[in-house]
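Take a look at the structure below.
Not measured: the values here are computed from a predicted model. Reminder, nothing fancy here: chain letters follow the sequence lines and each chain counts from 1.
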Amino acid sequence: MSTRLRLATSGLSAGKRARLHRILYQNGLGNGTALFLPYDQGLEHGPRDFFADPIAADPHYIVRLALEGGFNGIAIQIGLAEKFYWEYAGEVPLILKLNGKTDIPSDSRAISPLHASVEDAVRLGADAVGYTLYVGTPAQDADFAQYRQVRQDAQRFGMPLVVWAYPRGEAIERKGGKDSFYAVHYAARVASELGADVVKVNFPHPEKHAEVPAPYGAEFTSQEAIDAVVRAANRTMLLVSGGSRAGDDVMIEKAEESMAAGATGLIFGRNVWQRDHDESLRLVDRLRQILAKYPTP
Amino acid sequence: MSTRLRLATSGLSAGKRARLHRILYQNGLGNGTALFLPYDQGLEHGPRDFFADPIAADPHYIVRLALEGGFNGIAIQIGLAEKFYWEYAGEVPLILKLNGKTDIPSDSRAISPLHASVEDAVRLGADAVGYTLYVGTPAQDADFAQYRQVRQDAQRFGMPLVVWAYPRGEAIERKGGKDSFYAVHYAARVASELGADVVKVNFPHPEKHAEVPAPYGAEFTSQEAIDAVVRAANRTMLLVSGGSRAGDDVMIEKAEESMAAGATGLIFGRNVWQRDHDESLRLVDRLRQILAKYPTP
Amino acid sequence: MSTRLRLATSGLSAGKRARLHRILYQNGLGNGTALFLPYDQGLEHGPRDFFADPIAADPHYIVRLALEGGFNGIAIQIGLAEKFYWEYAGEVPLILKLNGKTDIPSDSRAISPLHASVEDAVRLGADAVGYTLYVGTPAQDADFAQYRQVRQDAQRFGMPLVVWAYPRGEAIERKGGKDSFYAVHYAARVASELGADVVKVNFPHPEKHAEVPAPYGAEFTSQEAIDAVVRAANRTMLLVSGGSRAGDDVMIEKAEESMAAGATGLIFGRNVWQRDHDESLRLVDRLRQILAKYPTP
Amino acid sequence: MSTRLRLATSGLSAGKRARLHRILYQNGLGNGTALFLPYDQGLEHGPRDFFADPIAADPHYIVRLALEGGFNGIAIQIGLAEKFYWEYAGEVPLILKLNGKTDIPSDSRAISPLHASVEDAVRLGADAVGYTLYVGTPAQDADFAQYRQVRQDAQRFGMPLVVWAYPRGEAIERKGGKDSFYAVHYAARVASELGADVVKVNFPHPEKHAEVPAPYGAEFTSQEAIDAVVRAANRTMLLVSGGSRAGDDVMIEKAEESMAAGATGLIFGRNVWQRDHDESLRLVDRLRQILAKYPTP
Amino acid sequence: MSTRLRLATSGLSAGKRARLHRILYQNGLGNGTALFLPYDQGLEHGPRDFFADPIAADPHYIVRLALEGGFNGIAIQIGLAEKFYWEYAGEVPLILKLNGKTDIPSDSRAISPLHASVEDAVRLGADAVGYTLYVGTPAQDADFAQYRQVRQDAQRFGMPLVVWAYPRGEAIERKGGKDSFYAVHYAARVASELGADVVKVNFPHPEKHAEVPAPYGAEFTSQEAIDAVVRAANRTMLLVSGGSRAGDDVMIEKAEESMAAGATGLIFGRNVWQRDHDESLRLVDRLRQILAKYPTP
């Protein structure tokens with residue numbers, strides 16, 4: 001288990017530190033952990049994700065859910081931020097997602113195009129920006145080029161940068177797939193090498209090891225895998241994603257393992273809002289109980 | 001049915017609100033609904049669209065038709081705006097269309113290139129700009145990049161942004177086609193996620209469901225489909241397009257369903273001007289009767 | 001008595017609103033009032049202000065005092081912000097003071113030169129910027145020119161703009177002086193006319209009316225004067241300054257009258273820190289008791 | 001054997017000279033030679049390189065190793081520089097690596113995308129920047145385009161430019177491979193032709209001559225090959241890379257031959273840190289003994 | 001006595017810290033103190049300063065003196081830096097002085113105009129920039145305006161900013177003069193308020209108290225005065241200037257008092273080079289003996 005990174009020894013600039021302090025210590029449990037609500041699926045997957053619970057199609061409902069659930073932040077695209085955040089501006093931290101794509105074209109050369117800027121985030125009073133980096137994609141050069149601009153602007157404005165580090169593309173498909181231990185481990189490291197302040201990964205699956213590089217062919221428990229992923233991120237704070245809706249007990253177990261490994265927090269979207277309102281809050285409550293056990297002093 | 005968005009609670013900036021107020025409350029019926037006349041087919045399809053009624057090839061005729069018909073706005077490209085709008089400047093709101101393309105090359109990797117700027121629209125006294133976004137195209141990265149500039153300029157200048165959200169490209173063709181419920185539903189949502197103030201869509205066809213994602217395989221009435229599309233757009237005002245010329249009764253029925261669903265208005269071009277002058281005005285009159293039934297307070 | 005301005009009906013942009021929400025509702029009493037600690041006297045008057053209580057010369061002591069006292073914000077210059085705020089970044093809102101001057105040259109043509117930018121404030125994670133406007137100075141042209149840049153940048157970045165509206169210059173001296181009702185009343189109005197989000201004024205003295213325009217020659221109670229000043233600021237929130245150290249009871253009475261008049265809060269520096277630590281906190285406690293009586297819903 | 005380049009007759013600008021002086025004469029042995037520690041493998045190969053000695057996954061450990069080993073510089077990516085260098089800023093020269101890539105997609109059209117700028121290097125107090133140029137790649141046009149920007153910025157800021165000159169791409173694979181004498185010889189020359197101040201190459205293998213141009217088909221000793229490579233670089237200082245971990249004696253012999261040939265120094269990463277701490281320092285000691293024999297006056 | 005500031009707890013950015021580390025720990029005594037050689041008198045006073053020892057008119061002689069004397073840096077204007085520094089680039093840190101003036105016009109409205117930029121300093125490989133701020137001058141607005149640009153560029157490029165904080169102008173002349181305790185005390189504070197990393201002041205004269213503000217009329221020893229000046233500078237490192245040539249014993253005593261007060265170092269020009277070469281080095285040796293007694297850990 002790693003020691004969780006503290007802001008005081010992070011080397012972060014005053015601006016990034018001020019904004020992360022608000023996220024980690026003035027919202028949610030206020031104990032240095034984070035529970036984020038991502039709501040970019042309307043762009044990434046389209047409205048089909050909302051058929052399970054139609055009210056979830058309404059961004060106003062989701063912003064209120066973030067408030068009621070005591071989340072540390074809500075991650076949305078520029079359109080929803082412009083139209084829905086102003087009513088609750090400052091009541092819950094905004095993580096403005098700067099890029100995104102539909103899932104209509106093939107992912108073989110996946111890239112997530114920028115449609116907003118760090119300056120948009122400043123203007124809206126956001127406390128962080130989000131960028132999806134498709135680790136391993138053949139379109140890596142275009143991806144890094146737009147990422148560089150985001151990183152430099154984030155540095156200039158003191159805005160924390162959260163990287164959605166997603167293994168993707170035809171080569172990843174051939175080498176173990178996007179949630180193999182190899183792929184997630186590599187993705188966490190790439191985010192830290194490229195200067196993310198926070199990295200979001202999916203939980204690693206060590207049992208998926210067809211065609212992966214040699215060291216990953218060995219047996220690893222899921223705890224060993226997530227431990228290694230947290231270490232790979234080193235001083236980049238790590239968030240573990242809930243991913244598509246899964247059985248609650250499995251999910252809770254992974255959340256527990258992630259926090260034990262030294263993750264800073266969890267980012268759960270569909271698992272939370274693809275169920276009715278009271279059920280959503282009950283799940284959030286279980287997640288908060290886990291976070292409460294892992295305070296960062 | 002959604003509640004129609006009111007400017008007073010929209011969160012829109014003063015400039016966007018002032019210009020939308022002129023469109024919605026000082027033109028047309030003045031009741032918060034809109035009837036737009038699009039006239040970009042000379043670029044998009046070429047002059048073949050004007051053989052049905054040759055006088056329609058004359059932009060001067062069309063601008064006057066917009067005035068006579070009591071439209072809330074006319075959507076044209078920069079060239080026609082420069083040469084024909086000045087004579088009637090201010091008499092009917094101008095929606096300057098900023099991008100467009102010919103239909104000569106294949107649409108498999110469709111993108112609609114920018115040929116004008118938001119600053120052109122300010123200079124011409126326009127009350128909105130229009131941008132065609134090809135949802136699902138493999139050229140999504142280039143499309144989002146030019147869209148981002150338009151959105152940011154529109155925000156900076158307080159100019160309402162109308163997005164023509166058109167499913168297009170080889171993947172869309174494989175998945176139900178460009179006017180399937182799936183495709184139109186997704187397109188409306190994308191426009192709202194990316195920050196359109198107004199979105200223009202084609203009427204959805206729930207019966208086209210070959211190869212679409214699972215939830216769309218069920219039975220839906222056209223009213224259910226358009227209701228869902230309006231909800232997907234949430235606080236982005238929705239305009240339903242007439243599309244290529246169709247039977248009047250079918251068209252009127254769809255217009256009625258759209259307004260009942262909570263759309264803000266209609267945008268009808270070829271259906272209006274591909275017939276003789278008096279016929280055009282008679283059709284416009286039927287459309288206005290529908291709009292009169294759905295005032296936004 | 002005015003009704004205190006609410007963020008929800010302020011027409012402020014999302015960014016300004018988010019930042020003011022943090023100041024007004026997530027710090028201090030969290031009831032919509034504000035108690036600010038200004039600490040720019042080291043520049044404005046020089047170290048002579050610290051002889052009364054030498055520990056007050058240490059910015060680290062003052063930042064900690066802001067935290068212990070539960071202030072809603074601390075207003076400091078760029079140098080102290082760079083060197084002292086990072087340790088406590090986010091723990092108390094930073095109001096970055098963008099201009100300032102020494103009191104060595106004459107004030108007859110007073111201007112407070114800019115030495116920092118709104119972008120510096122964004123970079124440091126500040127929640128507002130401060131600008132001293134010398135209302136009435138013969139150097140008004142240069143003052144307005146640099147103010148304009150600040151206001152535009154503040155608008156662009158969604159950063160609340162706090163204006164220190166200080167009557168100053170040879171003409172003011174001839175007309176009742178810098179704290180006459182006439183001068184303070186006029187200054188509050190100027191700040192609102194020029195786009196301040198918050199204005200800081202000194203408490204008006206209606207008894208100083210030599211050489212002031214006619215209406216100010218009448219008898220006014222101090223409550224009537226401060227009522228009028230708050231109304232002059234209209235939708236610009238008003239803070240009343242403690243000024244140089246005065247008798248506690250007089251000061252408390254003015255604070256009470258200010259809040260009763262509809263002021264948003266108080267900004268007390270020398271009155272707070274020109275006494276020993278425990279005495280400072282005792283005074284702060286009295287001020288907070290007043291603020292507690294005037295919540296903004 | 002070439003005469004080793006002296007700064008005094010290099011024609012370098014004051015800034016490049018000042019920074020190279022610090023690297024070559026105020027760090028390491030201070031005798032004009034250089035021993036660099038590269039640590040970009042976490043991005044280039046992923047965490048699999050750290051399984052051999054897990055502590056090497058921790059950038060903090062590696063920065064300290066650079067200090068303990070008396071290296072002349074450490075070459076890292078922006079993310080690790082931001083998060084780990086500040087604690088030791090100035091204690092060992094920083095070579096900021098400006099581009100990099102994962103090894104997940106194919107190398108057939110290899111390009112190493114930029115993710116940081118020369119200005120980032122200035123801001124962080126770096127003494128040089130590093131750029132990987134894939135000599136021979138089909139993506140040469142994009143590679144040269146981004147290289148040009150880096151070279152121009154490096155010239156403008158007086159920042160030494162270290163080029164990782166790596167033969168790569170499908171054509172290189174067909175012509176002797178990436179470490180043939182032909183390929184390394186050509187790469188060294190390309191770096192000097194394009195304006196590198198320092199070039200990093202792999203040790204050439206004259207025995208690999210299948211499909212190489214005629215002159216390279218002859219017999220060459222490895223000393224003859226490295227002599228020619230150093231001459232090809234002319235006034236561009238040459239560093240020889242350790243590459244993937246190899247037998248110590250072979251490696252030491254190549255290091256000796258390189259310095260005898262007139263190389264300025266060595267750049268050894270995995271060979272150093274893929275072993276335990278004391279073993280690392282023992283190897284470094286052997287390398288320093290070689291460098292001590294080849295001072296540049 | 002204050003505790004001397006340590007880089008590790010300074011909150012300085014990586015670049016500023018790296019460059020200050022080089023100045024303070026890799027040059028001179030390497031113990032965290034500094035001895036600087038200023039040589040801008042040829043511009044500030046003209047060649048008359050070189051009549052005492054004509055060889056001192058030769059910049060080449062002075063640069064060599066800085067090396068021989070083991071100084072931590074040499075402060076010169078752009079012209080001498082361009083023509084003389086390149087030969088010794090990196091051998092002694094360069095502090096590029098960015099502004100300066102002749103003493104031909106009156107000092108009553110003194111301002112020191114910029115003639116070089118922080119980017120010039122980066123280009124030349126400098127480790128700091130110097131700016132003369134005339135505290136109290138009536139031209140304060142123009143002075144702050146050009147200072148702001150320098151401070152922001154220094155922040156952007158990670159370049160330490162040394163402020164020559166010189167009380168000057170007609171008001172200062174009326175209030176105790178430029179080396180009164182009042183004036184020097186205020187000047188040190190202004191530099192820290194405005195964001196200097198290092199401030200250079202003249203030694204304060206508490207006996208000069210005609211027309212100064214009340215608290216300065218009391219009796220103070222010179223040790224009490226310099227103690228207060230160091231505290232006024234808080235986290236801005238303080239250098240005490242030798243000023244015009246004075247008796248050696250007086251000067252040594254002031255140096256001793258300054259270091260005892262917590263100053264970081266000394267900056268001695270005319271006192272050093274207005275005597276013959278061996279005498280210069282003998283004086284330097286006495287100064288270094290003082291610095292050796294006050295290491296910063």
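Two residues are said to be in side-chain contact when any heavy atoms from C-beta on lie closer than 4.5 Å; A:Gln140 and D:Pro105 meet this criterion. Between D:Leu114 and A:Phe144, the closest side-chain pair of non-hydrogen atoms is not below 4.5 Å. Contact annotation: the side chain of D:Ile104 approaches that of A:Tyr182 to within less than 4.5 Å [non-hydrogen atoms, C-beta and beyond]. Between A:Arg189 and D:Phe50, some side-chain heavy-atom pair lies under the 4.5 Å cut-off. In this structure the side chain of D:Trp86 never reaches within 4.5 angstrom of the side chain of A:Leu12, judged on heavy atoms.
Proximity to chain A (any heavy atom under 4.5 Å) is shown, for D:Asn99, by neither the backbone nor the side chain. Interface residue A:Ser192: backbone and side-chain heavy atoms are both found under 4.5 Å from chain D. Using a 4.5 Å cut-off between heavy atoms, A:Ser13 does not touch chain D at all. With a threshold of 4.5 angstrom between heavy atoms, D:Gln41 does not approach chain A through any atom at all. Contact annotation for A:Asp197: both backbone and side-chain heavy atoms come within less than 4.5 Å of a heavy atom of chain D. Contact of A:Gln155 with chain D is made through the side chain alone, with heavy-atom distances under 4.5 Å. Neither the backbone nor the side chain of A:Ala183 has a heavy atom closer than 4.5 Å to any heavy atom of chain D. Residue contact with chain D, scored on non-hydrogen atoms closer than 4.5 Å, involves the side chain of A:Arg151 exclusively.
The choice from A:Gln149, A:Gln152, A:Lys175 that makes the most heavy-atom pairs within less than 4.5 Å of chain D is A:Gln152. Top candidate by heavy-atom pairs under 4.5 Å with chain A, chosen from D:Gly46, D:Ala142, D:Pro47, is D:Pro47. If you tally non-hydrogen atom pairs under 4.5 Å between each of D:Arg123, D:Lys97, D:Arg109, D:Gln146 and chain A, the highest count goes to D:Arg123. Chain A forms the most heavy-atom pairs under 4.5 Å with one residue out of D:Ser106, D:Pro54, D:Ser117, and that residue is D:Ser117. Note on D:Gly100, D:Ala139, D:Ala116: by heavy-atom pairs under 4.5 Å with chain A, the leading option is D:Ala116.
With a 6.0 Å radius and a threshold of 12 heavy atoms from other residues, nucleotides or ligands, D:Phe157 has its CZ atom above the threshold.
Residue A:Arg156 holds its CZ atom at 10.0 Å from CD of D:Glu119, rounded to the nearest 0.5 Å. Interatomic distance, A:Ile172 CD1 to D:Thr102 OG1, rounded to the nearest 0.5 Å: 7.5 Å.
Heavy-atom minimum distance, D:Phe84 versus A:Asn234: CE1-OD1, 3.3 Å. Residue D:Arg48 comes nearest to A:Pro215 through the heavy atom pair CB-CG, 4.0 Å, listed as atom of the first residue, atom of the second, then distance.
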* To do: Please assess D:Glu82 against A:Arg235 for the test side chain to side chain contact (heavy atoms under 4.5 Å, CB included), listing each intermediate value before the final yes or no.
  => CA-CA 10 Å; D:Glu82 295 274 9; A:Arg235 288 189 181 164; over 6 Å; no
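Using a cutoff of 4.0 Å between basic side-chain nitrogens and carboxylate oxygens, A:Glu193 and D:Lys101 are not scored as salt-bridged.
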